[in-house]
Every structure is written in C-alpha cells, then in structure tokens.
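For reference, the structure discussed in these notes is given below.
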Amino acid sequence: MRINKYLSECGVCSRREADILIENRKVIVNGMPAEFGMQVDRNDEVIVDGKKIKPVDSKTYLAFNKPKGIVCTSEKREENNLIDYLGYEKRITYAGRLDKDSEGLLLLTDDGELIDALMTGSNGHEKEYAVTVSGSLTDEKINRLSKGVYLKEINRTTKPCQAWKTAENEFHIILTQGINRQIRRMCRSIGLKVTKLVRIRIDGIYLGKLPTGKYRNLTDGEVKSLMNLKKNTGRSNMR
C-alpha cells in the first residue's frame with residue numbers, strides 16, 4: 001500500500017500528517033528516505049523519527065481528558081508533548097487535536113483510518129464545547145455565533161452552528177468544522193475573550209466525569225459508533 005496509508009494503518013498519524021513527515025525526511029524505508037506515493041508492505045523496514053514501525057493487529061480506542069498546557073504533538077523537543085505526558089504502553093495518537101490552552105475530550109487511537117475520518121472536516125461530525133468568556137455575553141452575540149462569524153484574518157466565514165447561553169459568562173457551542181483556534185477567533189471577532197475552553201463531546205462520546213489528565217477505554221457501544229463513522233466516510237470517499 002502507499003506509504004502514507006501504511007503509516008496511517010500503523011496508527012502513527014493521519015495520511016495528511018504522514019505526507020508532512022515524508023516531506024521533512026523523517027520516514028526511512030529500507031534505509032532510504034521515503035518518497036511520496038511509494039509502495040510498502042509488512043516485509044519492508046519502516047522507521048519514523050528513529051523508531052521502527054509495525055502494523056497493529058488489535059486496535060486501541062481511548063477517551064482522554066487533556067489538561068490545559070499539554071500540547072497535541074509527538075515532538076520530543078516540546079517539553080509538554082502529549083505522548084510523553086500519557087506514557088502509554090503502545091504507540092497511539094490523537095484523532096483531532098486541541099490547542100495548548102484548551103482542555104477536555106481527546107480521542108486517542110492507533111486506528112489510522114479512524115483518525116483520517118475524524119480529521120476530515122467535510123464529514124460534519126459534531127464537537128461540543130463549554131466556553132467561559134470575559135466581556136458582555138448578550139443574546140445578540142450568541143445569535144451572531146450561531147449564524148456564522150466572518151474571520152477577517154483568514155477571510156472566511158464560519159458555518160452556522162448551535163450555540164446557547166448556560167450562565168452569565170458561559171455558553172455551549174457545537175461545531176462541525178475544524179478551523180484552527182476557531183472558537184477563540186469567533187469570540188474575539190465579536191468582542192469576547194475566551195478564558196476557559198473545554199471540549200465535552202465528540203459525536204456520541206462524552207467527557208462526562210473523567211478526571212483531568214486521565215484516560216479510559218471506550219465502551220463497545222462507543223467503538224461501534226466510531227466504526228459507523230469510519231464506514232460512512234469510506235462510502236463518501238468513493239463517490
């Protein structure tokens with residue numbers, strides 16, 4: 001199979017991130033730097049960042065409550081990188097990141113196809129956040145968030161979404177797209193500053209009472225719902 005799909009199947013990263021690793025010459029196949037589109041199989045020696053990669057036979061699916069300050073990266077030069085913080089026994093990675101200042105639900109897995117499905121914005125899966133802000137949180141501003149906000153710095157308007165006020169300076173919002181630091185940018189554009197941002201749900205998987213910094217295995221029902229997402233993504237890609 002193609003090298004980027006192979007890395008995805010091995011749970012290293014998404015196909016898109018695999019292409020970045022290849023471009024940066026961090027992937028070695030049989031002693032030589034990998035090239036885009038090259039074919040590999042189980043008999044080839046594949047090394048990423050100095051570590052030999054092997055296909056996984058059984059998949060791992062975890063829910064993790066990411067603390068503020070932990071960075072979604074495997075780069076060892078980042079002192080607070082997610083992989084070192086977890087210290088998990090096998091190689092897994094995140095399926096949809098949170099920025100350093102945000103906290104809450106992350107899905108962690110070695111299922112590369114699922115990672116691709118969750119990180120493809122066109123799939124429209126829901127992500128719900130609890131947001132605390134400073135500034136005047138009026139009904140008019142909630143309505144503006146719901147209708148979509150023009151982000152001048154990237155010349156793009158966010159998709160309509162669900163947003164509702166839950167306290168004087170708090171609201172919930174459900175997004176179906178993945179613009180970098182989207183909620184912070186949306187709030188800034190209407191005169192609000194985010195002081196706390198917690199992801200509490202991804203599709204049918206909830207953060208619940210999972211303690212900060214801890215992870216749990218997904219239930220059979222949760223895994224089944226993710227498999228349906230992966231299957232539906234595969235069908236849409238065939239159209």
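We number each residue from 1, following the sequence as shown. In this text, all values refer to a predicted model and were calculated from it rather than measured experimentally.
Within 6.0 Å of the CG atom in D41, the count of heavy atoms belonging to other residues, nucleotides or ligands exceeds 12. With a 6.0 Å radius and a threshold of 12 heavy atoms from other residues, nucleotides or ligands, E79 has its CD atom at or below the threshold.
Not one N or O on the side chain of T60 forms a donor-acceptor pair closer than 3.5 Å with the backbone of T109.
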Side-chain donor/acceptor pairs under 3.5 Å, residues 18-28, sequence neighbours excluded:
from : atom 1 : to  : atom 2 : distance (Å)
D19  : OD1    : N4  : ND2    : 3.4
N24  : ND2    : I20 : O      : 3.3
K26  : NZ     : E75 : OE2    : 2.9

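Rounding to the nearest 0.5 angstrom, the gap separating the CD1 atom in I70 from the NZ atom in K100 is 9.0 Å. With values rounded to the nearest 0.5 angstrom, I173 atom CD1 is found 7.0 Å from C187 atom SG. The structure places CZ of F36 at 11.5 Å from CZ of R2, a figure rounded to the nearest 0.5 Å. From D99, atom CG reaches atom CD1 of I183 across 9.5 Å, with rounding to the nearest 0.5 Å. The CD atom of E103 sits 11.5 Å away from the CG atom of L106 when rounded to the nearest 0.5 Å. For the atom pair CD1 (I92) and CG (L82), the distance works out to 7.5 Å, reported to the nearest 0.5 Å.
At a threshold of 4.5 Å between side-chain heavy atoms, the hydrophobic network of Ile, Leu, Val, Met, Phe, Trp and Tyr places M1 and V48 in one connected group. Note: the hydrophobic cluster containing L226 also contains L105 (ILVMFWY, side chain heavy atoms under 4.5 Å, direct or indirect links). Taken together through direct or relayed side-chain contacts under 4.5 Å among Ile, Leu, Val, Met, Phe, Trp and Tyr, L175 and I154 form part of one hydrophobic cluster. By the rule that hydrophobic residues join a cluster once side-chain heavy atoms approach within less than 4.5 Å of another member, L98 and Y85 end up as members of one cluster. No single ILVMFWY cluster, assembled from side-chain heavy atoms under 4.5 Å apart, contains both I202 and V131.
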Next on the checklist: One pair to check against side-chain contact (heavy atoms from CB on, under 4.5 Å): I190 and M186. What are the steps and the verdict?
Outcome noted: CA-CA 7 Å; I190 60 172; M186 292 172 70; over 6 Å; no
Next on the checklist: As a quick check of understanding, evaluate side-chain contact (heavy atoms from CB on, under 4.5 Å) for V198 and L207, giving each step before the final call.
Outcome noted: CA-CA 9 Å; V198 184; L207 180 64; 4.0 Å; yes
Next on the checklist: Does T158 form a side-chain contact (heavy atoms from CB on, under 4.5 Å) with Q182? I'd like the steps, not just the answer.
Outcome noted: CA-CA 8 Å; T158 62; Q182 181 172 342; 3.8 Å; yes
Next on the checklist: I'd like to know whether L86 forms a side-chain contact (heavy atoms from CB on, under 4.5 Å) with L108, so could you lay out the CA-CA distance, the side-chain angles of the two residues, the decisive distance to 0.1 Å, and finally the verdict.
Outcome noted: CA-CA 10 Å; L86 283 170; L108 303 167; 3.5 Å; yes
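Across K66 and C72, no two heavy atoms sit closer than the pair CD-SG, 4.0 Å. Nearest heavy atoms, F171 versus V133: CE2-CG1, 3.8 Å. E45 and K52 get closest at one heavy-atom pair: CG-CE, 4.0 Å. Closest approach of G37 to I3, counting heavy atoms only: N-CG2, 4.2 Å. Nearest heavy-atom pair across L192 and G135 is CD2-C, 3.9 Å. Across all non-hydrogen atoms, the minimal contact from A63 to L210 is O-CD2, 3.5 Å.
Between L7 and V46, the closest side-chain pair of non-hydrogen atoms falls below 4.5 Å. In this structure, N65 and P211 have side chains that are not in contact, with every pair of non-hydrogen atoms separated by 4.5 Å or more. By the 4.5 Å heavy-atom criterion applied to side chains, L197 and Y129 are counted as neighbours. Annotation: side chain of R201 is in contact with side chain of E126 (closest heavy-atom distance under 4.5 Å). Looking at heavy atoms from C-beta onward, D110 lies in side-chain contact with K90 at the 4.5 angstrom threshold. Put simply, the side chain of I205 reaches to within 4.5 Å of the side chain of L107, judged on heavy atoms. Here the side chains of L151 and R188 are not in contact, with every heavy-atom distance at 4.5 Å or above. Between E128 and H172 there is a side-chain heavy-atom pair separated by less than 4.5 Å.
By the 4.0 Å N-to-carboxylate-O rule, R216 lies close enough to E222 to be salt-bridged with it. For the pair K165 and E170, the salt-bridge criterion is not met [side-chain N within less than 4.0 Å of a carboxylate O].
Of the N and O atoms on the side chains of N155 and Y150, at least one donor lies less than 3.5 Å from an acceptor on the other residue.
Applying the ring pair (Phe, Tyr, Trp, His ring centres under 6.0 Å) definition to pairs two or more places apart or across chains, those involving residues 179-225 are Y88-Y215.
A side-chain hydrogen bond (donor to acceptor under 3.5 Å, both in side chains) with S102 holds for exactly one of R184, K68, R97; it is R184.
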